[in-house]
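To keep things clear, I will list the structure first and then write my remarks on it.
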Amino acid sequence: MGTVVLGTGACVPERILTNAELETIVDTNDEWIRSRTGIEARRIAGHGEQTFQLAARAAERALAAAEVGAEEIGLLVLGTVSSHMLMPSSACFVQKEIGAVNAFAYDINAACSGFLFGLDLADKYIRADPTMKVLVIGAETLSGRLNWQDRNTCILFGDGAGAAVFGHSASDRGVIGSNMFSDGGLWRLLYMHAPVSTNPELVVPDNSGAHVQMEGREVFKHAVRAMEDAVCGLLAREKISIEAIDVVIPHQANIRILSNLIERLGVPSEKVFLNVSKYGNTSAASIPIALAEADEQGLLHRGDLVLFCSFGGGFTWGATLIKW
Ligand code: ACO
């Protein structure tokens, strides 16, 4: 059929920030956070854990699992909105770090949908050139892009990285299809400024610092509806019923968004992989970390239909279906 996952890997920072610790930083409490988001803890990057460094470790683990050498990678794409530099891309730093000397590399800015947009790209490249191997990574250190005085946002996010190696298979397995969307018209509901411009003509009004800003309730409503539409559209196009899906790996935004989505889709909750309680929302890293954990736990069996869906700033959203 086409593009298959050859190996997965993840890397999260050592440091765990619990809800109890957050109570000492902002006016919040464990009960509020758990009941509204399902999050119990998140990882916070420290020294030696920049976005590209977490990404490189996740990539090395995915390459080892795939038994693919770094030099075999033709394309390396990294979904992130939290690089330590604007240029070069984090993808180029990862390329250097892991020795992917034959790859061309670049970042994708699609927020929480970065990994699925990258997966779609990998699928299209591999369909065009079946000899190609593509490394897709999602990695974030949003802890450095949060306003730690804003309890509406700082409780939600965490740091980490996940990766997958993609290649061609002549079998009937692989990516069945993707259904991807963006709507820049709604950007104000979830955004993060760039550093202030040194050109006074280009200074953006209200740039109060490069940190995440969000209208939580609005994001919630759009996220549920958009992911439901993307999934239903994809399944209708591929003529596959929701009952046929074996495993759902959604973007781990928060438990209430996911419960709403699961209910609307009519998927039994035991088919849905969740780890949001441990890591919070790791944006582009959330799906590949979840994928790597589901893979490691032996939850994905050959021939399973695995459904992914995401929603994030932009807005960007989509769904992807893989026959494992
Ligand atoms: N601790 C305690 N109280 C809080 C906190 C907090 N951390 N944050 C807000 N509150 C208070 C508010 O101030 C408000 O108090 P008030 O009634 O006295 O004014 C009250 O709790 C309710 O606030 P709401 O914002 O209305 O709370 P809501 O039920 O909408 O929950 C939440 C907020 C969890 C952010 C919810 O809107 C949500 O999940 N939104 C989706 C956001 C999201 O997941 N974004 C991630 C990026 S996009 C993506 O990944 C899908």
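Each ligand, and each atom within it, is numbered from 1 in the order the structure gives. Since we're looking at a predicted model, the values are computed, not measured.
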Looking only at protein heavy atoms, which one is nearest to [atom], and what is the separation?
atom: atom 40 (N) of ligand 1; answer: G216 O, 2.9 Å
atom: atom 22 (C) of ligand 1; answer: R36 NH1, 3.8 Å
atom: atom 24 (P) of ligand 1; answer: R217 NE, 3.8 Å
atom: atom 46 (C) of ligand 1; answer: N281 ND2, 3.3 Å
atom: atom 43 (C) of ligand 1; answer: M214 SD, 3.8 Å
atom: atom 1 (N) of ligand 1; answer: T28 OG1, 2.7 Å
atom: atom 11 (C) of ligand 1; answer: R151 NH2, 3.5 Å

With heavy atoms of [X] as the reference, note each atom of ligand 1 found under 4.0 Å away.
X: A253; result: 49 (C), 50 (O), 51 (C)
X: L190; result: 47 (C), 48 (S)
X: N254; result: 38 (C), 39 (O), 41 (C), 44 (O)
X: F311; result: 49 (C), 50 (O), 51 (C)
X: N152; result: 8 (N), 9 (C)
X: I257; result: 41 (C), 44 (O)
X: R256; result: 29 (O), 31 (O)
X: H251; result: 49 (C), 50 (O)

Q: Could you check whether the rings of W187 and Y191 sit parallel, tilted or perpendicular, using 30° and 60° as the cut-offs?
A: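 If you compare the ring of W187 with that of Y191, the planes turn out perpendicular.
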Q: Fit a plane to each ring of W317 and F181, take the angle between them on a 0 to 90° scale, and name the class: parallel (under 30°), tilted (30 to 60°) or perpendicular (over 60°).
A: parallel
Q) Any protein heavy atom under 4.0 Å from atom 30 (O) of ligand 1? A)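 Yes, there is one.
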Q. Is at least one protein non-hydrogen atom found at under 4.0 angstrom from atom 14 (C) of ligand 1?
A. no
Q) Quick one: which of T18, N19, N281 gives a side-chain hydrogen bond (donor to acceptor under 3.5 Å, both in side chains) with R42? A)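 That would be N19; it is the only one of T18, N19, N281 passing the side-chain hydrogen bond (donor to acceptor under 3.5 Å, both in side chains) with R42.
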Q. Can you name the one residue among R43, E40, E293 that meets side-chain hydrogen bond (donor to acceptor under 3.5 Å, both in side chains) with Y279?
A. E293
Do you see a donor-acceptor pair shorter than 3.5 Å between the side chains of [X] and [Y]?
X: D107; Y: T80; answer: no
X: T316; Y: S182; answer: no
X: T51; Y: T141; answer: yes

Q: Out of W32, F315, F220, indicate the one that has the non-hydrogen atom closest to atom 33 (C) of ligand 1.
A: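 Among W32, F315, F220, the closest heavy atom to atom 33 (C) of ligand 1 comes from W32.
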Q | Gap between atom CG of D183 and atom CZ of F315 - 0.5 Å precision | A | 8.0 Å
**Q.** Minimum heavy-atom distance L116-S310, with the two atoms named
**A.**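 Heavy-atom minimum between the residues: CD1-OG, 3.7 Å.
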Q: Could you tell me whether E60 and R57 have a side-chain N and a carboxylate O separated by less than 4.0 Å?
A: no
**Q.** Carboxylate-amine/guanidinium contact D229 R225, below 4.0 Å
**A.** no
